[in-house]
Amino acid sequence: MNDNSFTLGTGAGGPATVSIDNQHCTGEIHLHGATVTAWQPKGEQPVLWLSGSSAFDGDSPIRGGVPICLPWFGPGRDGDRQPAHGWARLSEWEFVGADDVEAGTCATFVLQRDGLELRYQVTMGERLEIALDVTNIGQEAVEIEEALHTYLAVGDISRVSLSGLEGVDYVDKTAGGTVVTQDGDITFDGETDRVYLTSANVTVSDPAGGRKLLVQSQGARNTVVWNPGPAKAAAMPDFGDDEWTQMVCVEAANALDNFYRLQPGGTHSIAQKVSVV
Ligand code: BG6
């Protein structure tokens, strides 16, 4: 344990945030949802986007950073589950501790709920590495959808392109779930809400921000790409009307038909790495 590389910010009932400051980066994780809200390699602009309108009321999900969606995605496969994206992002997680590791500072969080134990490791260094282990500690098999719902900061979405998913089929949620094949790079000219039916390394080219980001996933069968566009952004109370121009979500997910069934005693792992390249 290195008490120089992290500090605890206290809330009403105990620690509320873990702040990290090491030789590579600064960052922050809220215990509400174990939501990573900041990661900024030294000498770089913030890599994660966080809405200036996020409620931070200890109740609503945090709008930005990396919310964890689980045990269902959106409204679930039958379209009727509440709360949206499941309870993991709304729950108070326990901070287990943080260690210095070769890659930077590794903070660990746990949550037990509904027969599941979630163990989440966040390593912040030159790279952001997030890894979630889901273990079934109950008596029944559980069907799970999940996503590491990463919001990336970009300079101007109209000039952003994503490569790595060319030729991959996706479910277009803006077109009633129609399946479409990706033709070339992904670009943005309005609401974009897609569940790609495979995961692949995605490079985010952001000329206005003057950089590229590499997003790598493990244990995920889907990549979700989301930008609300102007109308949806304006309709969301926790999303600034113009903020959609400065973010894009690239999510590691197992969603829709790619849910998995976890037997009692079984563990499934999903992970994502983000780096400036
Ligand atoms: C994305 C979904 O992952 O999250 C979108 O594909 C959804 O459909 C978006 O609108 C944001 O969800 P929420 O619940 O955080 O507003």
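Start at 1 and go down the list; that is how both ligands and their atoms are numbered. Excluded from the calculations below are hydrogen atoms, water molecules and symmetry mates; all remaining heavy atoms, backbone and side chain alike, are included.
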Notebook entry, point to check: Is the charged tip of R77 near the ring of F259: under 6.0 Å from the six-membered ring centre and within 45° of its axis?
Noted result: yes
Item checked: Modelled atom types, side-chain donor and acceptor of D193 and T174, under 3.5 Å -> no
Write out the residue and atom name of the closest protein heavy atom to [atom], then the distance separating them to 0.1 Å.
atom: atom 14 (O) of ligand 1; answer: R89 NH2, 2.9 Å
atom: atom 1 (C) of ligand 1; answer: H149 NE2, 3.4 Å
atom: atom 13 (P) of ligand 1; answer: R63 NH1, 3.6 Å
atom: atom 6 (O) of ligand 1; answer: D193 OD1, 2.6 Å
atom: atom 11 (C) of ligand 1; answer: W226 CH2, 3.6 Å
atom: atom 12 (O) of ligand 1; answer: H85 NE2, 3.3 Å

Check: Does E145 reach the side chain of L256, with side-chain heavy atoms less than 4.5 Å apart?
Finding: yes
Suppose we call two aromatic rings close when their centres sit under 6.0 Å apart. Are [X] and [Y] close by that rule?
X: Y151; Y: W49; value: yes
X: F6; Y: F95; value: yes
X: H32; Y: F56; value: no
X: Y170; Y: W226; value: no

Next item on the list: Answer with yes or no whether R194 contacts ligand 1, where contact means a heavy atom under 4.0 Å from a ligand atom.
Entry: no
Note to self: With a cutoff of 4.0 Å, is E191 in contact with ligand 1, counting heavy atoms of the residue only?
What the structure shows: no
Checklist line | Ligand-side contact atoms (ligand 1) for residue partner E251, heavy atom cut-off under 4.0 Å | finding: 1 (C), 3 (O)
